[in-house]
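The block underneath contains the structure these notes are about, expressed in structure tokens.
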Protein chains: 2
Amino acid sequence: MADSRALLLDAAADEFAVYGFKGARVQAIVKRAGVNERMIYHHFGSKEGLYAAVMLEQRHTLGAAWMPILDKAAAMDPYEGMKTALSGYLDLVTARPQAVALFIHEALSDWSVSHLPTADQLPPQLRELYARGQREGVFPAGRPFEIAYMTAICALMGLTVFSHHFASSEDDTRPELTPELRTHIMAQLLDGLRA
Amino acid sequence: MADSRALLLDAAADEFAVYGFKGARVQAIVKRAGVNERMIYHHFGSKEGLYAAVMLEQRHTLGAAWMPILDKAAAMDPYEGMKTALSGYLDLVTARPQAVALFIHEALSDWSVSHLPTADQLPPQLRELYARGQREGVFPAGRPFEIAYMTAICALMGLTVFSHHFASSEDDTRPELTPELRTHIMAQLLDGLRA
DNA sequence: GACTCTATGCAGTAAATATTTACTTCATAC
DNA sequence: GTATGAAGTAAATATTTACTGCATAGAGTC
């Protein structure tokens, strides 16, 4: 009845995000999803197949959500464009911290087939926007785009991972970044990009 | 004969750094360490005891290595002090990427007793240095130290995790950050701190 | 040499874990 | 109306995994 495939993908994303591939338990996944254990092998063939499907879906979802923002940013002036792109990225990872966790787990583990974008697969819109900013003197001329990009994105991913450190001691709810904290973070990252 | 305790701590740090607590296998640890499986339970009582010992040792080692640099930084002017502290931190995590991996794994997992420093345990030397910089107008007045600190440190940790993305395709060796890349990263982070 | 104590090794055990086997429903196309 | 194949379930299997009981080796002390 219920779409057990989608239920499994969601539950598995949560479980893999917390424990990584080896640490994740299929029983925990099927329990979360509320489906029979057999369904994993029916839909995905193996735990590994399920993992690969989860990673593909996450990367696709994240990419699809970021794409329109990147396109919008590409039409703006370099500084405002970067602001838009990074702010949009922060929105995305705030809304889907599991995706960040999944990517980090994969980077830490020795997973053979990486589902992560490589240095030459970074968003071309931002690459061009950054180059334009460099020509206009808004961004420093000598700094490679890869460095500028990775430094800013890594900061956002890291902050997502350690966001619960901003929680007050008796705050039991998930401590989302307040708009005020967001503003400070964005200002710091954008100042870092400036020439 | 051989100090099996130290061998186990080292091997376990490597294994936990890659797979996290649940994903790590005690057999893999003892194989790496070249000691008998029994030794884990002799020295640490359990897998969990070994993990706790590893985390304590890593945090202590990292803290002890950073401490003198922080003290030196505290005596400098705010900007140069921050530069010294962050540059020293980058040296540390470059030399011991496993420590970063361990902390990130713990932040991602639902481990009950956290071995991570909380927001009020951030290095007091830097807190005071930052406040001094704010009074002198070097650092922005309204931005909380926790934000400025975490944003910069998270960027460094994230870059450590994703550093292999800077490798050229046929580079089989571990792609350490070149001095040139380091310079760009430090410049970007320090510019971000500036008022 | 006997005695003690810690370090180490071997061979196991019980539980956990990924995967498979055999089977039932159930919708839909021919 | 039945053939077909996908979706779902319960139980079993083979392997892995953390952990233990027990024996032994060696070093130091008397």
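Numbered from 1 within each chain, the chains take letters A, B, ... in sequence-line order. None of the values given here were measured: they were computed from a predicted structure.
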Between P of dA18(C) and CZ of F16(A), the distance in whole Å: 9 Å
Rounded distance in Å - CD (E15(B)) to C1' (dT17(D)): 13 Å
Enumerate donor-acceptor pairs with a distance under 3.5 Å from any side-chain N or O in residues 92-101 of chain B to protein atoms, sequence neighbours excluded.
| from | atom 1 | to | atom 2 | distance (Å) |
| --- | --- | --- | --- | --- |
| T94(B) | OG1 | L90(B) | O | 2.5 |
| R96(B) | NH1 | Q58(B) | OE1 | 3.2 |

Distance in angstrom units between L8(A) CG and dA7(D) C1', rounded: 12 Å
E48(B) CD - dC19(D) C1' separation (whole Å): 13 Å
Between P of dG8(D) and CG of D3(A), the distance in whole Å: 8 Å
Pairwise ring-ring contact (aromatic ring centres under 6.0 Å, His included) hits with a residue in residues 176-195 of chain B, at least two apart: none
Nonpolar side-chain network containing V18(A), other nodes, edges under 4.5 Å: Y19(A)
Test item: side-chain donor near acceptor, T118(A) and Q121(A), under 3.5 Å: yes
Residues clustered with L56(A), ILVMFWY side-chain links under 4.5 angstrom: none
Mind listing the side-chain donor-acceptor pairs of residues 63-82 of chain B below 3.5 Å, one per line with the distance, residues two or more places apart or on another chain?
| from | atom 1 | to | atom 2 | distance (Å) |
| --- | --- | --- | --- | --- |
| W66(B) | NE1 | A85(B) | O | 3.2 |
| D71(B) | OD1 | Q125(B) | NE2 | 2.9 |
| D77(B) | OD1 | Y79(B) | N | 3.2 |

Selection: residues 29-41 of chain B, any non-hydrogen atom under 4.0 Å of DNA chain C: N36(B), R38(B), M39(B)
Selected nucleotide, minimal atom distance to H43(A) side chain, candidates dA7(D), dA18(C), dT17(D): dA7(D)
Distance, rounded to the nearest Å, where R25(A) contributes CZ and dT19(C) contributes P: 12 Å
Distance test, side-chain N/O of S4(B) to OP1/OP2 of dA7(C), below 4.0 Å: no
Sugar-phosphate, base or nothing in reach of A24(A), heavy atoms under 4.0 Å: sugar-phosphate
Nearest-neighbour nucleotide for the H42(A) side chain, dA18(C), dA6(D), dT8(C) considered: dA6(D)
